[in-house]
2 protein chains.
Amino acid sequence: MYELFFQKFNEKIALTAEEEAFIKQYLTPKKLRRKQYFLQEGDVCKSICLVEKGALRAYVLDETGDEHITAFALEGWTLGDLYSFIKAEPATWNIDALEDCELVLISKQAHDELMQTMPKYETYIRMLMTDAYMALQRRTTYMISLPLEERYLAFTQMYPTLFQRVPQHMIASFMGLSAETLSRVRSRISNRK
Amino acid sequence: MYELFFQKFNEKIALTAEEEAFIKQYLTPKKLRRKQYFLQEGDVCKSICLVEKGALRAYVLDETGDEHITAFALEGWTLGDLYSFIKAEPATWNIDALEDCELVLISKQAHDELMQTMPKYETYIRMLMTDAYMALQRRTTYMISLPLEERYLAFTQMYPTLFQRVPQHMIASFMGLSAETLSRVRSRISNRK
DNA sequence: AAAAACCGTTGACAAAAATCAACGATTCTC
DNA sequence: GAGAATCGTTGATTTTTGTCAACGGTTTTT
């Protein structure tokens with residue numbers, strides 16, 4: 001159990017068997033069926049999760065009830081409404097399962113205790129945050145600076161697995177486009193080759 | 001010297017006078033005249049900086065030579081091309097001074113040594129990253145989910161000082177809009193009141 | 001196994017944003 | 001202090017994107 005969680009951890013910071021056992025005490029497994037919520041808007045995000053199996057998406061609803069996808073998570077990725085998790089305020093994001101999922105949960109309490117007692121955990125979180133920030137920065141830079149077709153190609157290269165696995169209208173939403181526009185962007189790209 | 005740097009640090013993690021003195025050894029002051037570069041695309045970002053006085057902007061150039069502003073920094077903010085800084089790869093961002101500036105620089109080497117030797121520094125950086133990530137996440141969420149007028153108002157509230165201090169066409173660029181469109185958005189907002 | 005929901009694409013049209021040009025009013029620069 | 005550059009706005013036009021509707025082909029649900 002928790003294979004991917006510790007694989008990802010060890011890629012950043014090597015852990016001894018004892019350290020792994022220590023951390024395991026703070027983790028909780030959770031299974032989620034397709035379409036089930038991991039988090040609903042208004043609730044406090046009490047845990048962040050790592051995806052062992054399956055796929056999640058995060059989205060916000062606008063005033064007309066339309067969904068706008070803000071993030072995805074596939075195997076090995078970590079997801080949560082970070083603002084809500086850190087500040088213990090109501091979440092603005094909804095997170096639900098695109099496929100049946102196996103998750104590893106770290107509760108806020110577990111997170112705080114690990115942060116206090118285990119320097120390696122803090123280092124891991126720091127590195128995770130740094131990587132997440134760099135990735136989001138790149139996404140944002142592409143959003144404002146690349147024309148649509150280049151942006152789509154850049155995103156494809158940034159998240160190749162994701163784009164194969166997730167319906168295109170969700171990719172469109174993630175990019176801030178209508179499904180029809182993305183479909184036309186794709187057809188323009190294939191015509192120009 | 002370094003007043004704002006240590007003020008910001010102490011807001012997160014309280015430092016003793018000895019600890020401040022220790023950190024000071026790793027810092028370098030730098031003055032920058034308006035329009036001077038802090039970083040140019042293609043160079044490796046060897047330092048991140050905290051702004052003691054003045055204002056910076058970061059931008060990328062597209063294939064037609066147009067600028068797209070990716071970030072600003074006012075007094076107390078930290079800025080750099082993080083990806084380039086961490087990975088020691090050529091920067092994709094340009095950073096220059098919008099006003100005459102006084103900066104505090106942390107070189108990559110200083111950063112790495114502090115990270116190794118001083119747990120409080122790592123904690124500070126972790127918190128800085130976390131805050132930066134949450135802020136960027138909010139910006140990204142607004143970008144894809146809010147209609148233009150609401151987005152502008154949300155950004156105004158998110159960065160009130162910035163919006164007073166920086167020319168509007170740069171705000172437009174930061175939001176991924178043309179200057180003319182932002183001007184019209186603003187006039188629509190004032191007319192509806 | 002049948003019905004329902006979902007998916008991606010296309011066409012016609014409407015709405016939104018970019019572009020180009022011009023203007024007066026600062027503000028910088030020399 | 002004069003000339004040049006920058007700034008924000010507005011109008012006219014073009015381009016881009018969203019919206020609405022329809023379709024055939026999946027996949028899900030029951």
Side-chain angles (χ1 to χ4, degrees), chain A residues 32-36 54-55 57 59 61-69 72 96-101 142-153 155-156 162-192, chain B residues 32-36 54-55 57 59 61-69 72 96-101 142-153 155-156 162-192:
Chain A
L32 225 55
R33 286 274 171 72
R34 188 170 131 86
K35 300 200 177 177
Q36 274 190 311
R57 67 163 180 167
Y59 63 95
L61 296 172
D62 64 24
E63 67 276 15
T64 71
D66 287 344
E67 295 172 357
H68 300 271
I69 296 182
F72 292 100
D96 63 12
L98 297 175
E99 309 169 4
D100 293 352
C101 282
Y142 288 160
M143 286 283 270
I144 64 168
S145 69
L146 290 183
L148 216 37
E149 299 184 19
E150 315 311 324
R151 197 187 317 162
Y152 176 73
L153 291 171
F155 276 45
T156 300
L162 185 69
F163 275 47
Q164 287 165 357
R165 191 144 154 206
V166 162
Q168 247 121 57
H169 71 273
M170 292 191 184
I171 300 292
S173 172
F174 179 67
M175 294 181 68
L177 301 174
S178 71
E180 294 93 334
T181 296
L182 184 60
S183 173
R184 285 184 251 259
V185 167
R186 283 161 44 83
S187 86
R188 260 182 275 146
I189 289 172
S190 41
N191 285 339
R192 82 184 186 190
Chain B
L32 225 55
R33 287 276 170 71
R34 189 170 129 84
K35 299 199 176 178
Q36 274 191 310
R57 67 162 181 170
Y59 62 94
L61 296 171
D62 65 24
E63 67 276 14
T64 71
D66 288 343
E67 295 172 359
H68 300 270
I69 297 183
F72 294 100
D96 63 13
L98 296 176
E99 309 169 3
D100 293 353
C101 283
Y142 289 160
M143 286 283 272
I144 63 168
S145 70
L146 290 183
L148 214 37
E149 300 184 19
E150 315 310 325
R151 196 188 315 163
Y152 175 74
L153 290 172
F155 276 47
T156 299
L162 185 69
F163 274 47
Q164 288 166 358
R165 191 145 154 205
V166 161
Q168 247 121 57
H169 71 273
M170 291 192 185
I171 300 293
S173 172
F174 179 68
M175 295 182 67
L177 300 174
S178 71
E180 295 92 333
T181 296
L182 183 61
S183 173
R184 285 185 253 260
V185 168
R186 284 162 44 83
S187 85
R188 259 182 275 147
I189 289 173
S190 39
N191 285 340
R192 82 186 186 188

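The structure presented is a predicted model; accordingly, all values stated were derived computationally and were not measured. The sequence lines fix the lettering, A, B, ..., with proteins before strands; numbering per chain opens at 1.
For the pair B:Leu148 CG and D:dT17 P, the interatomic distance rounds to 14 Å; values are reported in whole Å. Note: CG (A:Asp66) to C1' (D:dT19) measures 11 Å, nearest angstrom. Computed from coordinates, the A:Leu98 CG to C:dC6 C1' distance equals 14 Å when rounded to whole Å. For the pair A:Glu150 CD and D:dT16 P, the interatomic distance rounds to 13 Å; values are reported in whole Å. C:dA16 atom P lies 8 Å from atom CZ of B:Arg188, rounded to whole Å. In this structure, A:Arg165 atom CZ and C:dG8 atom P are separated by 15 Å, rounded to whole Å. If you take CZ of A:Phe163 and C1' of C:dG8, they are 16 Å apart, rounded to a whole angstrom. Atom CD1 in A:Ile144 sits roughly 16 Å away from atom C1' in C:dA17 (whole-Å rounding).
Atom CG of residue B:Leu182 and atom CZ of residue B:Phe174 lie 12.0 Å apart, to the nearest 0.5 angstrom.
In summary, the aromatic rings of B:Phe163 and B:Tyr152 are positioned with their centroids under 6.0 Å apart.
Residues satisfying the side chain to side chain contact (heavy atoms under 4.5 Å, CB included) criterion with A:Thr181, sequence neighbours excluded, are A:Leu148, A:Leu177, A:Ser178, A:Val185.
A:Phe155 is not listed as a side-chain neighbour of A:Leu162, based on a closest heavy-atom distance of 4.5 Å or more.
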* Asked: Would A:Leu61 and A:Glu67 satisfy side-chain contact (heavy atoms from CB on, under 4.5 Å), going step by step from the backbone distance to the final call?
  -> CA-CA 5 Å; A:Leu61 296 172; A:Glu67 295 172 357; 3.6 Å; yes
* Run the salt bridge (charged side-chain N to carboxylate O under 4.0 Å, His left out) check on A:Glu99 and A:Arg165 step by step: do they pass? -> CA-CA 10 Å; A:Glu99 309 169 4; A:Arg165 191 144 154 206; 2.9 Å; yes
* For A:Gln36 and A:Asp96, run side-chain contact (heavy atoms from CB on, under 4.5 Å): C-alpha distance rounded to whole Å, both residues' side-chain angles, the deciding distance at 0.1 Å, then the answer. => CA-CA 5 Å; A:Gln36 274 190 311; A:Asp96 63 12; over 6 Å; no
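Closest approach of A:Ile144 and B:Ser173 over heavy atoms only: CD1-O, 4.1 Å.
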* Asked: When you check every protein heavy atom under 4.0 Å of nucleotides 4-12 of chain D, what one-letter string (B, S, -) results, 5' to 3'?
  -> ---SSSBBB
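Direction change of the helix axis from one end of the helix from C:dA1-D:dT30 to C:dC30-D:dG1 to the other is 60°, with five pairs defining each end axis (rounded to 10°).
Judged by the 6.0 Å and 45° rule, B:Arg57 forms a cation-pi pair with B:Tyr59.
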